[in-house]
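Each remark here refers to the structure printed beneath this line.
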Amino acid sequence: MVIRTEELSFNFGNQQVVKSLSLNVPSNSIYGFLGPNGAGKTTTIKMLLNLLKTQYGSIYIFEQELNKNRVQILSQIGSLIEQPAIYSHLTGKENLLNRAMLVQVAKNRVDDILKLVQLDHAADKKAGKYSLGMKQRLGIGLALLADPKLLILDEPTNGLDPNGIIEMRELLIDLVRNHDKTVFVSSHLLSEVEKMATHVGIINHGELLFQGSITELRDVSKPLIHIETEDNVAAANFLMKQNIIPVEVKDEGILAPYISREDMGRVNSLLTGNGYQVYSICKQQKDLEKLFLDITKKAQA
Amino acid sequence: MKGFWLSFRSEFYKSRKTLGFWGSILLPLLICMLVFWGTYAHSEKMQQLSGTLLWLQLSGGILNIMGVLLLPMYIIFLSYSVNNIEHKSETWKTLFSLPIPKWSVYSAKYAYAFMLLVICLSLFFSLTIATGYLLELVKPELKFHEGSISESLLRLYIKLFFNSLGILSIQFLLSLLWSDFIKPMGVGFLLLIASGIGVGANWKYIYLVPYAHPMLAIMNVIRRAKASFGSFNINVVLLTRETYVSFIVAAVVFVAGFFIVQKRSVR
């Protein structure tokens with residue numbers, strides 16, 4: 001595991017914001033750390049970077065205990081926390097040169113990074129005059145500068161336009177697939193994480209509600225049969241008499257439990273054989289967005 | 001040590017375009033230019049003064065302005081400006097998530113503030129001397145070359161530097177902890193005013209108050225000069241009891257600040 005936490009907890013005063021969090025982030029993965037705003041994502045990230053002192057539990061990064069090996073571990077991490085922290089009175093290039101000096105990276109790497117994050121045209125512009133998207137890209141560039149093995153990014157697509165979001169996603173996927181990196185990325189948008197993550201952790205009110213691969217997350221969601229007929233209500237009543245209990249009946253169609261392909265064929269034959277005209281019938285995976293809401297709502301209840 | 005040097009170089013790189021850095025150069029330059037202009041404009045009144053008295057008049061003009069009020073105020077400002085770069089850009093979290101020991105980041109920042117103070121006071125000394133000779137160049141009737149107080153003046157500036165270290169450490173820590181300029185500035189200014197009153201009232205224990213130390217350095221020289229009236233000797237004793245207090249306060253606050261930074265969470 002690249003990141004492993006054991007029963008990590010954190011309190012701000014009397015309020016417990018992270019509760020017994022046990023994260024497992026495998027090597028060479030994109031781990032989407034999902035949760036609504038205020039769920040404890042940034043607090044967890046700050047603990048992973050040793051910015052907040054661990055109160056309870058322990059953190060292992062690259063299988064080394066964080067507090068005892070802080071400098072060695074941080075030398076292999078690139079991070080972006082909340083909004084990008086950049087010196088507004090310096091140009092984009094100067095921001096990177098300053099960081100290059102601190103992390104002892106050759107100056108010519110700065111030009112490569114500027115090209116990578118597509119800021120080469122604005123390299124000599126004051127960073128304070130950058131748009132939010134440009135600042136975000138500069139923040140990513142700063143995180144990538146030292147060619148770290150692990151990238152920890154807190155809501156990196158904030159402020160990016162759709163093109164920027166796609167580019168960022170492609171960049172992260174490329175880093176993991178072709179450059180052997182591990183990415184830990186937090187977001188409150190499942191749709192965004194779904195498109196790139198290999199692993200997911202869902203947190204709400206400081207508690208880890210789900211952790212596993214994206215396939216495992218999909219498996220949690222039971223598949224359904226979506227049937228669209230001429231008369232959905234009548235068809236649903238008929239199915240109930242056949243001991244096939246619909247999950248939901250809507251104007252657009254009926255949702256019934258999916259068992260197998262053969263079973264779906266049988267349902268189709270039953271309906272058409274009894275005079276119910278079927279317009280469409282297909283297997284439907286529960287929307288992950290809905291699943292995410294279900295998981296977080298269930299925890300709230 | 002490597003982390004310290006990297007951080008120190010970065011401090012210069014970051015601040016080289018800010019008023020915090022240029023203030024240490026512009027402040028002595030501006031004050032010396034004003035004193036030059038004032039002396040030049042009223043040179044006829046000073047023509048009859050001896051070389052030593054001319055130097056005393058010139059350096060006294062500069063020291064009276066900066067030594068008592070401007071120097072502590074400048075220290076408050078420079079301590080703030082060194083830390084404000086990070087407060088303003090919200091870069092503390094980045095700085096402390098770099099693979100550099102926290103003590104290196106903290107001590108490099110302090111050392112940089114220390115260096116700015118050295119630059120400022122060195123320039124005050126050298127520009128005072130340069131102003132004197134420049135005045136003689138444009139007004140040959142002002143015979144600065146006939147006297148010299150450069151050694152005493154150098155000792156006085158060194159003493160001012162020593163006596164400023166306590167304030168530097170306190171203000172540096174306050175500015176590190178508070179992002180709002182008003183708080184460290186307000187506390188510093190209040191303590192400075194209180195110290196001024198204490199010095200004026202000859203309070204017995206004023207030597208224990210760091211904010212009074214630069215004032216005490218100047219006052220002691222004036223007292224000694226008055227006592228030896230006629231000989232125009234400026235006798236500057238480098239190490240006096242308030243200087244020792246300044247050293248102790250500087251060291252204690254610096255170390256305490258390090259432990260606070262070490263234990264403190266970066267929000």
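Within every chain, numbering begins at 1; the chains are lettered A, B, ... in the order of the sequence lines, protein sequences first and strands thereafter.
Around the OH atom of B/Tyr133, the shell of radius 6.0 Å holds more than 12 heavy atoms that belong to other residues, nucleotides or ligands. By the neighbour-count criterion of 12 heavy atoms within 6.0 Å, atom NZ of A/Lys53 is densely surrounded, having more than that number from other residues, nucleotides or ligands. The environment of NZ in A/Lys19 is crowded: more than 12 heavy-atom neighbours from other residues, nucleotides or ligands sit within 6.0 Å. Open room surrounds OH on A/Tyr56; 12 or fewer heavy atoms of other groups in view lie less than 6.0 Å from it. More than 12 non-hydrogen atoms from other residues, nucleotides or ligands lie less than 6.0 angstrom from CZ of B/Phe247. Other residues, nucleotides and ligands contribute at most 12 non-hydrogen atoms within 6.0 Å of the OH atom of B/Tyr40.
The main-chain N or O of A/Asn98 is never found under 3.5 Å from a side-chain atom of B/Arg9 such that the two would form a donor-acceptor pair. Under a 3.5 Å cut-off, the side chain of A/His89 and the backbone N or O of B/Ile85 do not form any donor-acceptor pair.
Note that OG of B/Ser104 is 11.0 Å distant from CG of A/Leu102, once rounded to the nearest 0.5 Å. Rounding to the nearest 0.5 angstrom, the gap separating the OG atom in B/Ser10 from the OH atom in A/Tyr87 is 6.0 Å. For the atom pair OG of B/Ser15 and CG of A/Leu90, the computed distance is 9.5 Å after rounding to the nearest 0.5 Å. Taken to the nearest 0.5 Å, the OG atom of B/Ser97 stands 6.5 Å off from the CG atom of A/Leu74. Distance CE/A/Met101 to CZ/B/Phe12: 9.0 Å, rounded to 0.5 Å.
The parts of A/Ser75 that come within reach of chain B are both its backbone and its side chain, each placing non-hydrogen atoms under 4.5 angstrom from that chain. With a 4.5 angstrom heavy-atom cutoff, B/Lys88 touches chain A only via side-chain atoms. Neither the backbone nor the side chain of A/Gln76 comes within contact range of chain B, judged by heavy atoms closer than 4.5 Å. Neither the backbone nor the side chain of B/Glu11 comes within contact range of chain A, judged by heavy atoms closer than 4.5 Å.
Heavy-atom pairs under 4.5 Å with chain A peak, among B/Glu90, B/Lys14, B/Glu86, at B/Lys14. Listed options A/Leu97, A/Thr43, A/Ile77, A/Ile86 were ranked by heavy-atom pairs under 4.5 angstrom with chain B; first place goes to A/Ile86.
Residues A/Val103 and B/Leu98 come closest through the heavy atom pair CG1-CD2, 4.0 Å. Of all the heavy atoms in B/Lys102 and A/Arg70, the pair that sits closest is CG-NH2, 3.7 Å. A pairwise comparison of heavy atoms in A/Val71 and B/Pro101 identifies CG2-N, 3.9 Å as the closest pair. In terms of heavy atoms, A/Ile81 sits closest to B/Lys93 at O-NZ, 3.2 Å. Contact between A/Ala85 and B/Thr94 at its shortest, heavy atoms only, is CB-OG1, 3.0 Å.
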Open item on the list: The test is side-chain hydrogen bond (donor to acceptor under 3.5 Å, both in side chains); show your working for A/Glu94 and B/Tyr13 and say whether it passes.
Closed with: CA-CA 9 Å; A/Glu94 285 170 339; B/Tyr13 190 80; 4.6 Å; no
